[in-house]
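Here the structure comes first, spelled out in structure tokens, and everything after it is commentary.
FYI, the numbering just counts along the sequence from 1.
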Amino acid sequence: MLDDFMIRATLAGLGVAFAAAPLGCFVVWRRMAYFGDATAHAALLGVALSLALSLPVLAGVLAVALGMALTVSLLSGQHQGTDSLLGVLSHGALAIGLVAVSFVSGVRVDLSAYLFGDILSVRPADIAVIWGGAILVAGLIAWRWSVLLLATLGEDLARAGGVDPRREQLVLTLTLAITVAVAIKVVGALLIGAMLIIPAAAARFLARSPEAMAVIAALMAAVSVLAGLRGAMLFDTPAGPSIVTAATLLFALAGLAGRLRG
């Protein structure tokens with residue numbers, strides 16, 4: 001029988017998996033991997049602001065993640081490539097967040113928990129927030145699935161079909177911000193991008209349709225959580241990195257299976 005803290009960790013991890021994996025498919029299709037990393041790194045600045053202003057961490061992370069997306073949208077194409085801009089904002093926000101946390105007085109902060117996650121310490125309230133966010137993300141993606149796919153195929157095609165690609169970009173940005181906010185407790189700011197990208201990239205080797213890729217990605221993310229937590233128990237390793245390691249191994253296996261299948 002699993003201990004209570006392992007049951008809570010499993011539920012939290014599965015919630016993050018089901019939120020991140022389908023969204024990760026769009027991140028992979030639209031080649032937004034660096035954008036996901038930048039949003040995740042900026043989350044630490046949101047943590048610092050939340051602690052300084054005595055606000056819920058979820059609120060601070062959401063605000064900074066959305067602010068990051070708005071900044072990128074406004075500055076893209078103005079004498080800087082998007083990749084360079086994301087690099088500056090990603091590393092700058094991470095560094096400013098680390099510095100800002102050190103100035104927060106009267107609060108004992110475990111930076112490693114926010115950088116690499118602390119899934120084994122999640123509480124029932126955390127699980128409620130994670131699953132609430134996962135349901136909201138899944139609902140947004142299901143609601144906008146067809147138009148998001150159309151916008152992903154190309155902006156001109158989307159406009160021809162009566163779809164505003166900038167609006168769909170905003171939907172993706174919102175879901176990404178929600179996912180980062182609910183995942184930071186589980187895998188941390190430095191590993192959220194991995195949970196978005198790796199299961200989706202692994203599913204791409206095996207899927208024959210966009211819908212199948214989203215389902216396979218969710219299943220692979222769930223297996224990564226279960227295998228990573230099991231490995232952390234057996235080998236006494238950090239839970240968050242162990243989950244990402246399991247996802248990476250699944251990626252390698254999926255790549256091999258896809259190559260053998262031809």
Side-chain angles (χ1 to χ4, degrees), residues 2-24 27 36-37 39-47 50-51 56-62 64-65 94 97 101 109-138 175-200 202 217-233 235-251:
L2 290 175
D3 294 330
D4 287 345
F5 77 93
M6 284 301 298
I7 294 174
R8 292 195 298 270
T10 301
L11 290 173
L14 291 176
V16 170
F18 292 137
L23 175 60
V27 172
D37 277 341
T39 306
H41 290 175
L44 197 64
L45 179 57
V47 171
S50 299
L51 295 175
V57 171
L58 180 66
V61 172
L62 270 175
V64 171
L94 179 61
V101 167
V109 181
D110 181 7
L111 283 180
S112 65
Y114 290 110
L115 288 172
F116 302 106
D118 192 11
I119 190 173
L120 299 181
S121 69
V122 294
R123 301 164 297 176
D126 296 323
I127 296 173
V129 169
I130 289 168
W131 274 96
I135 291 171
L136 181 57
V137 168
T175 54
L176 184 60
I178 295 170
T179 302
V180 168
V182 300
I184 192 169
K185 180 76 172 180
V186 176
V187 291
L190 297 183
L191 302 178
I192 293 172
M195 286 303 293
L196 282 167
I197 301 302
I198 297 176
L219 292 175
M220 285 193 166
V223 171
S224 299
V225 168
L226 298 175
L229 288 175
R230 181 62 177 171
M233 285 185 63
F235 303 110
D236 193 24
T237 54
S242 296
I243 291 172
V244 176
T245 298
T248 304
L249 292 175
L250 283 178
F251 174 83

* Asked: Of V16, V47, L58, which is the lone residue that meets side-chain contact (heavy atoms from CB on, under 4.5 Å) with I184?
  -> V47
* Asked: Among all residues two or more places apart in sequence or in another chain, which pass the side chain to side chain donor-acceptor pair (under 3.5 Å) test with S242?
  -> T237
* Structure fact -> The side chain to side chain donor-acceptor pair (under 3.5 Å) partners of T248 (sequence neighbours excluded) come to none
* pair V137-F18: side-chain heavy atoms closer than 4.5 Å -> no
Value rounded to 0.5 Å, distance of [atom1] in [X] from [atom2] in [Y]:
X	Y	atom1	atom2	value
D126	D118	CG	CG	9.5 Å
T10	I119	OG1	CD1	7.0 Å
T179	L62	OG1	CG	9.5 Å
K185	R123	NZ	CZ	6.0 Å
I243	L226	CD1	CG	9.0 Å
T175	L136	OG1	CG	9.0 Å

What is the minimum heavy-atom distance between [X] and [Y], and which atoms define it?
X	Y	result
I192	A40	CB-CB, 3.9 Å
P199	A194	CD-O, 3.7 Å
A17	P22	O-CD, 4.2 Å
L196	A20	CD2-O, 3.6 Å
P56	S50	O-OG, 3.3 Å
A247	I198	O-CG2, 3.3 Å

* Report yes or no: does R8 contribute a side-chain atom to a donor-acceptor pair with the main-chain N or O of V122 at less than 3.5 Å? => yes
* Asked: Taking only residues two or more places apart in sequence or in another chain, which ones pass ring pair (Phe, Tyr, Trp, His ring centres under 6.0 Å) with F116?
  -> none
